[in-house]
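Below, chain A is the first sequence line, B the second, and so on; all start at residue 1.
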Number of protein chains: 2
Amino acid sequence: MLGDMPRPDFQKQLRDVALRVTRPRLAVLEAVHAHPHADTESIIAAARALLPEVSHQAVYDSLHTLTGAGLVRSIKPAGSVARYETRTGDNHHHVVCRSCGEIADVDCAVGHVPCLTASDSHGFVIDEAEVIYWGLCPDCTSRPQ
Amino acid sequence: MLGDMPRPDFQKQLRDVALRVTRPRLAVLEAVHAHPHADTESIIAAARALLPEVSHQAVYDSLHTLTGAGLVRSIKPAGSVARYETRTGDNHHHVVCRSCGEIADVDCAVGHVPCLTASDSHGFVIDEAEVIYWGLCPDCTSRPQ
DNA sequence: CATCTTTCTTGAATCAGTCAAGATCTCGCG
DNA sequence: CGCGAGATCTTGACTGATTCAAGAAAGATG
């Protein structure tokens, strides 16, 4: 039914991390790729546009599995539900609008891993620094309330 | 009943930000101060140790109000419930253990506002940079699984 | 093609956090 | 020091995202 379609090679991505290639997972990958920073509900909707009968549970499970495998990344700004993106690997962060919740990608000013070296890490072995910038997006800036 | 006790002047803190001084708020401030990084449930328990009949709703409301006033700060690492602390004002961040969820304070290596200047903020007006370091705490490092 | 696992479907359950209405308490003023 | 207005608290029910569980279905391997 879906023999050959020239999208990003999601199948290969799955095989590369030793995950089974299933319709739900492909649909979820596709959905996340097409809607960066989308919340779970939107991803479920987008995935169903490709595969009408996916259960929400399969989407949740796929997102967890894919997140664990590093194919997608999840971000959960305070006060927001979980959101996902396929941009992984590069060290980028996010700006979140306090007013409307809009999210955008930003590369840190430093360019490289910035604050990864905390002065005193209390003995913790740090492997990732997550940065969230809070502020107002252009739209909300121009029309305050 | 509780005429004079030499604690931090929470009453003054409340008045300084034009908030009414109520028993629940004092209890919540005290609880958060005594248990940094505690989750809401712990704070409710700690507040009830001081004021047995506080409703969970009053605690939630107090936390929101105090957070809005800047007397307490809330942090919500992904996969964790909301946690609170009274350390506000200074620009410090947090390390979170991926394994046990333990949280510790850290000052950024740079010492000052570090990544506050994102290279390209997409027009967002940024007012705060929140940094969360992910890793393993000393305990979880020494005994892997 | 057959078998073994992993993954998906269905349906119910959990739990933090929120909403709403009325009672109570703080604060400012006379 | 007592009163009144308005903020704040209590009670109790509810929402909604996420998770759990058991059986059915589909992918991988030989």
Side-chain angles (χ1 to χ4, degrees), chain A residues 1-3 10-31 37-48 50-69 71-72 74-84 101, chain B residues 1-2 10-29 31-32 37-45 47-48 50-69 71-72 74-84 101:
Chain A
M1 203 64 82
L2 40 67
F10 292 133
Q11 295 208 185
K12 182 175 189 313
Q13 289 188 11
L14 285 172
R15 294 186 193 285
D16 285 348
V17 293
L19 285 180
R20 291 193 174 175
V21 179
T22 67
R23 245 81 61 83
R25 284 178 181 169
L26 290 174
V28 169
L29 268 176
E30 182 105 15
H37 308 144
D39 57 47
T40 313
E41 189 181 7
S42 303
I43 292 173
I44 292 176
R48 284 191 172 143
L50 304 165
L51 186 65
E53 343 236 295
V54 234
S55 62
H56 75 143
Q57 186 57 45
V59 175
Y60 270 101
D61 187 49
S62 297
L63 286 172
H64 285 168
T65 306
L66 296 173
T67 300
L71 294 187
V72 308
S74 82
I75 50 182
K76 299 192 185 184
S80 168
V81 294
R83 288 160 183 280
Y84 298 85
Chain B
M1 201 63 83
L2 40 67
F10 293 131
Q11 295 210 186
K12 183 177 189 310
Q13 289 188 11
L14 285 171
R15 294 185 193 286
D16 285 349
V17 293
L19 286 180
R20 292 195 174 176
V21 179
T22 66
R23 246 81 61 83
R25 285 178 180 168
L26 289 174
V28 169
L29 269 176
V32 175
H37 308 145
D39 56 48
T40 313
E41 189 181 7
S42 303
I43 293 173
I44 292 176
R48 284 190 172 144
L50 304 164
L51 186 65
E53 344 236 294
V54 234
S55 62
H56 74 142
Q57 187 58 43
V59 175
Y60 271 101
D61 187 49
S62 297
L63 286 173
H64 285 167
T65 306
L66 296 173
T67 300
L71 294 187
V72 308
S74 82
I75 49 183
K76 300 191 185 185
S80 169
V81 294
R83 288 160 183 282
Y84 297 85

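Remark: A/Thr22 engages A/Arg20, A/Pro24, A/Arg25 in a side-chain contact (heavy atoms from CB on, under 4.5 Å) (not counting sequence neighbours). Residues forming a salt bridge (charged side-chain N to carboxylate O under 4.0 Å, His left out) with A/Asp16 (at least two apart in sequence, or on another chain): A/Lys12. Judged as a side chain to side chain donor-acceptor pair (under 3.5 Å), and not counting sequence neighbours, the contacts of A/Ser80 are A/Arg83. Annotation: side chain to side chain donor-acceptor pair (under 3.5 Å) contacts of B/Asp39 (sequence neighbours excluded): B/Ser42. For A/Ala45, there are no side-chain contact (heavy atoms from CB on, under 4.5 Å) partners two or more places apart in sequence or in a different chain.
Taking every heavy atom of both residues into account, A/Arg48 and A/His56 meet most closely at NH2-N, 3.5 Å. Pairing each heavy atom of A/Gly79 with each of B/Lys76, the nearest pair is N-NZ, 3.8 Å.
Proximity of B/Arg20 to the phosphate of C/dC25: no side-chain N or O atom is located under 4.0 Å from OP1 or OP2. The phosphate of D/dG27 (OP1 or OP2) has no side-chain N or O of A/Arg25 nearer than 4.0 angstrom. Applying the 4.0 Å criterion to OP1 and OP2 of D/dA7, one finds that B/Thr22 has every side-chain N and O outside that range.
When rounded to the nearest whole Å, the span between CG of B/Leu66 and P of D/dT8 equals 10 Å. Rounded to an integer number of Å, the gap from CG of B/Asp39 to P of C/dA16 is 8 Å. As a whole-Å value, the separation of A/Leu63 CG from C/dT7 P is 14 Å. Distance, A/Ile44 CD1 to C/dC8 C1': 14 Å, rounded to whole Å. Nucleotide C/dA16 holds its P atom 13 Å from the CD1 atom of B/Ile43, rounded to whole Å. If you take CG of B/Leu19 and C1' of D/dC9, they are 15 Å apart, rounded to a whole angstrom. Between the P atom of D/dA28 and the CZ atom of A/Arg23 lies a distance of 11 Å, rounded to the nearest Å. Protein atom CD of B/Glu53 is 11 Å distant from nucleotide atom P of C/dC25, rounded to whole Å.
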Can you tabulate the close N/O pairs, meaning under 3.5 Å, that link protein atoms to atoms of nucleotides 21-23 of chain C?
none

Practice problem: Go through the steps for B/Leu66 and B/Val17 under the test side chain to side chain contact (heavy atoms under 4.5 Å, CB included), then give the verdict. | Solution: CA-CA 9 Å; B/Leu66 296 173; B/Val17 293; over 6 Å; no
Practice problem: For side chain to side chain contact (heavy atoms under 4.5 Å, CB included), just list the numbers for A/Ile43 and A/Val59, CA-CA rounded to whole Å, side-chain angles, deciding distance to a tenth of an Å, and then say yes or no. | Solution: CA-CA 8 Å; A/Ile43 292 173; A/Val59 175; 4.1 Å; yes
Practice problem: Apply side chain to side chain contact (heavy atoms under 4.5 Å, CB included) to the pair B/Thr67 and B/Tyr84, showing each step before the final yes or no. | Solution: CA-CA 9 Å; B/Thr67 300; B/Tyr84 297 85; 3.8 Å; yes
Exercise. Determine, stepwise, if the pair A/Val72 / A/Val28 fulfils side chain to side chain contact (heavy atoms under 4.5 Å, CB included).
Key: CA-CA 10 Å; A/Val72 308; A/Val28 169; 5.9 Å; no
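The overall bend of the helix from C/dC1-D/dG30 to C/dG30-D/dC1, read as the angle between its terminal helix axes built from five base pairs each, is 40° when rounded to 10 degrees.
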Quiz item: What string of B, S and - do you get for nucleotides 13-23 of chain D, 5' to 3', when a contact is any protein heavy atom under 4.0 Å?
Solution: ----SBBB---
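Checking D/dA28, C/dT9, D/dT8 against the side-chain heavy atoms of A/Val21 singles out D/dA28 as nearest.
Rounding to the nearest 0.5 Å gives a distance of 12.5 Å between CZ of A/Arg23 and CG of A/Leu50.
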